[in-house]
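Sequential numbering from 1 along the given sequence is applied to the chain's residues. This is a predicted model, so every value here is computed, not measured.
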Amino acid sequence: MDTIDIGLAVTGGLLVLVVLGMRVAFAAGLAGLVGLIWIFWSKKGYAPDDFGWALTVAAKTAGQVPHSKVSSQALSLIPTFILIGYLAYYAGLTRALFEAAKRWIAWVPGGLAVSTVFATAGFAAVSGASVATSAVFARIAIPEMLKIGYDKRFAAGVVAAGGTLASLIPPSAILVIYAIIVEQDVGKLLLAGFIPGAFSAVIYGLLIVGLALTIKGFGPPVGGFTWRERLVSLPPALPIVLVVVTIIFFVYNPFGGDAWGTPTEGGAIGAFIVFLMAVWRGMRWAELKDALLETAKLSVMIFTIIWGVLIYVRFLGFADLPGAFADWITSLTLPPMLILICILLAYAVLGMFMDAIGMLLLTLPVVYPAVMALNGGEFVSAADSAFGMSGQMCAIWFGILVVKMAEFCLITPPIGLNCFVVAGVRPDLSVQDVFRGVMPFFIADAITIGLLVAFPMIVLWLPGLA
């Protein structure tokens, strides 16, 4: 067998392990190690005496990956972004956001559900974790919606779908992971997520209003708030704005001149601002310890997945599977845009069986070079490209598209993680209830993805200014 055949065989074995239920981190690490042993042993003609040598070289190659890749400074963004979200929860900022959104928006048809979507979008601007966002608002928003007569399944679906916005709206852990894997500018990718994230929230809101207008008693509006009550609700939510502005200025200075620093520094200062706010609001040691422990747990989970998948990625490099896949994609006679749509549909199917981070880490080393080759290469100009954008802009555009697909996968049965989280927080809801509740949001996500594909400037306008 040549290296391509070995790559295909090991990749098939990896998919079998994942389908059988093995964790992505361990399945990818094991597949990568077996693949490296196989390739090195094949170079010696499968001589029995050389198996030990192949095992030793493969183990050393795999052992170098975790430190060499995870020591990247850019990855330090992940724990700081996650910490911002948990500290914001313990500082009471989530409750303040929801209350402000309710007083300003709840008067529209389906207003409380719309308020929940925009509150989750606001919390997503200080939290890099979709799971944390869903868990927090399952405690806050669902009881409020049930109190005024919302169907419990739809109320749960609103929270699960709204939680996915944290994947796209910076600070986003998944966007950072994408930037590391494809070696693109983290700052520009974070900037690129703002408008599509807000756009997704608006589409969700319009969907809810449309349902409320067409289905009698679907979501009664909530009124009775005076202008004074609305204005009073704004100051407690202002720390969110301060953190967002801080991160933006550390990525891109909208007033001209150099940015204030790196995204990593922006994330650290954002976490410090929220920490001060949490202390000022009365956070005790027990709550701080819980925030730190939850941040550590989620960070370790993400880093473990990265370690395992990067061993598999190193094997792919030796097998030259990404290059072979890119050559095959570019040899197809189909229109490039149709091929891209097929790739996105494949992500939708794959997301039914894998978690979002693991799916992106496993597929990007193969798919990303193919998409870039489809556009004309890493250094192609906009005039000579297939999608009408330069290589760098294509990398950013494709990143937002795949992260949006990852959002879609967070609510897709049977693995939709956000749905399991909401059901876990609410004992009165089954996972099946939550999956039924998110079904209308599949339509909203499909519309959003279609518009992002058709109008790339929704994604590229802001990073184009940097």
Side-chain angles (χ1 to χ4, degrees), residues 85 88-89 93-127 129-148 150-170 172 193-215 218-222 233 237 240 244 404 407-408 410-411 416 418-419 421-422 425-426 434 437-449 451-452:
Y89 169 65
L93 296 182
T94 48
R95 171 65 68 178
L97 266 177
F98 179 71
E99 190 62 33
K102 182 173 72 173
R103 294 186 185 186
W104 283 88
I105 304 173
W107 58 271
V108 304
L112 203 54
V114 177
S115 302
T116 301
V117 167
F118 282 98
T120 56
F123 185 64
V126 293
S127 172
S130 293
V131 172
T133 305
S134 297
V136 166
F137 280 91
R139 296 184 178 96
I140 296 173
I142 291 179
E144 295 273 353
M145 285 188 276
L146 295 181
K147 193 182 300 181
I148 65 168
Y150 275 83
D151 178 78
K152 67 176 184 178
R153 291 175 294 186
F154 184 75
V158 170
V159 172
T164 65
L165 297 172
S167 296
L168 202 55
I169 299 176
S172 165
F194 273 107
I195 294 178
F199 188 71
S200 295
V202 171
I203 296 293
Y204 281 173
L206 291 175
L207 170 73
I208 294 168
V209 171
L211 290 173
L213 289 173
T214 55
I215 301 175
F218 177 83
V222 178
S233 70
I240 299 290
V244 172
K404 183 60 188 175
E407 284 188 1
F408 185 70
L410 286 169
I411 55 173
N418 279 18
C419 298
V421 169
V422 171
V425 172
R426 299 285 308 184
V434 187
V438 297
M439 290 186 70
F441 295 95
F442 294 160
I443 300 171
D445 279 337
I447 292 171
T448 302
I449 292 166
L451 291 173
L452 294 181

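Rounded to the nearest 0.5 angstrom, F137 CZ and N418 CG are separated by 13.0 Å. For the atom pair K147 NZ and L112 CG, the distance stands at 9.5 Å (nearest 0.5 Å). Remark: R153 CZ to M439 CE distance equals 11.0 Å, nearest 0.5 Å. To the nearest 0.5 Å, atoms CD1 (I203) and CZ (F441) are separated by 12.5 Å. To the nearest 0.5 Å, atom CD1 of residue I411 and atom CZ of residue F442 are 5.0 Å apart. Here the CG-OG1 distance, from L410 to T133, works out to 10.5 Å after rounding to the nearest 0.5 Å.
Shown here for G122 and L97, the closest heavy-atom pair between the two residues is C-CD1, 3.7 Å. Across I208 and G110, no two heavy atoms sit closer than the pair CG2-O, 3.6 Å. Heavy-atom minimum distance, I140 versus P143: O-CD, 3.7 Å. The shortest heavy-atom contact between W107 and P221 is O-CB, 3.1 Å. The minimum heavy-atom distance linking V117 with A201 is given by the pair CG1-O, 3.7 Å. Between R103 and S233 the shortest heavy-atom distance is CD-CB, 3.7 Å.
Considering only heavy atoms from C-beta on, V159 comes within 4.5 Å of M145 through its side chain.
Panel note: side chain E407, backbone L168; a donor-acceptor pair is recorded below 3.5 Å. Between the side chain of S134 and the backbone N or O of V422, no donor-acceptor pair lies under 3.5 Å.
Counting non-hydrogen atoms of other residues, nucleotides and ligands closer than 6.0 Å to CH2 of W104 gives a total above 12.
Y204 pairs in a side-chain contact (heavy atoms from CB on, under 4.5 Å) with only one of the listed residues (T116, V158, T120, D445), which is D445.
By the side chain to side chain contact (heavy atoms under 4.5 Å, CB included) test, I443 is found to be paired with I447, residues two or more places apart in sequence or in another chain being considered. Partners of R139 by salt bridge (Lys or Arg N to Asp or Glu O under 4.0 Å), not counting sequence neighbours: none found.
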Worksheet item: How far apart are the C-alpha atoms of E144 and V222, what are their side-chain angles, what is the distance that settles it, and do they pass the side-chain contact (heavy atoms from CB on, under 4.5 Å) test?
Response: CA-CA 11 Å; E144 295 273 353; V222 178; over 6 Å; no
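K404 and S200 share a side-chain donor-acceptor pair at under 3.5 Å.
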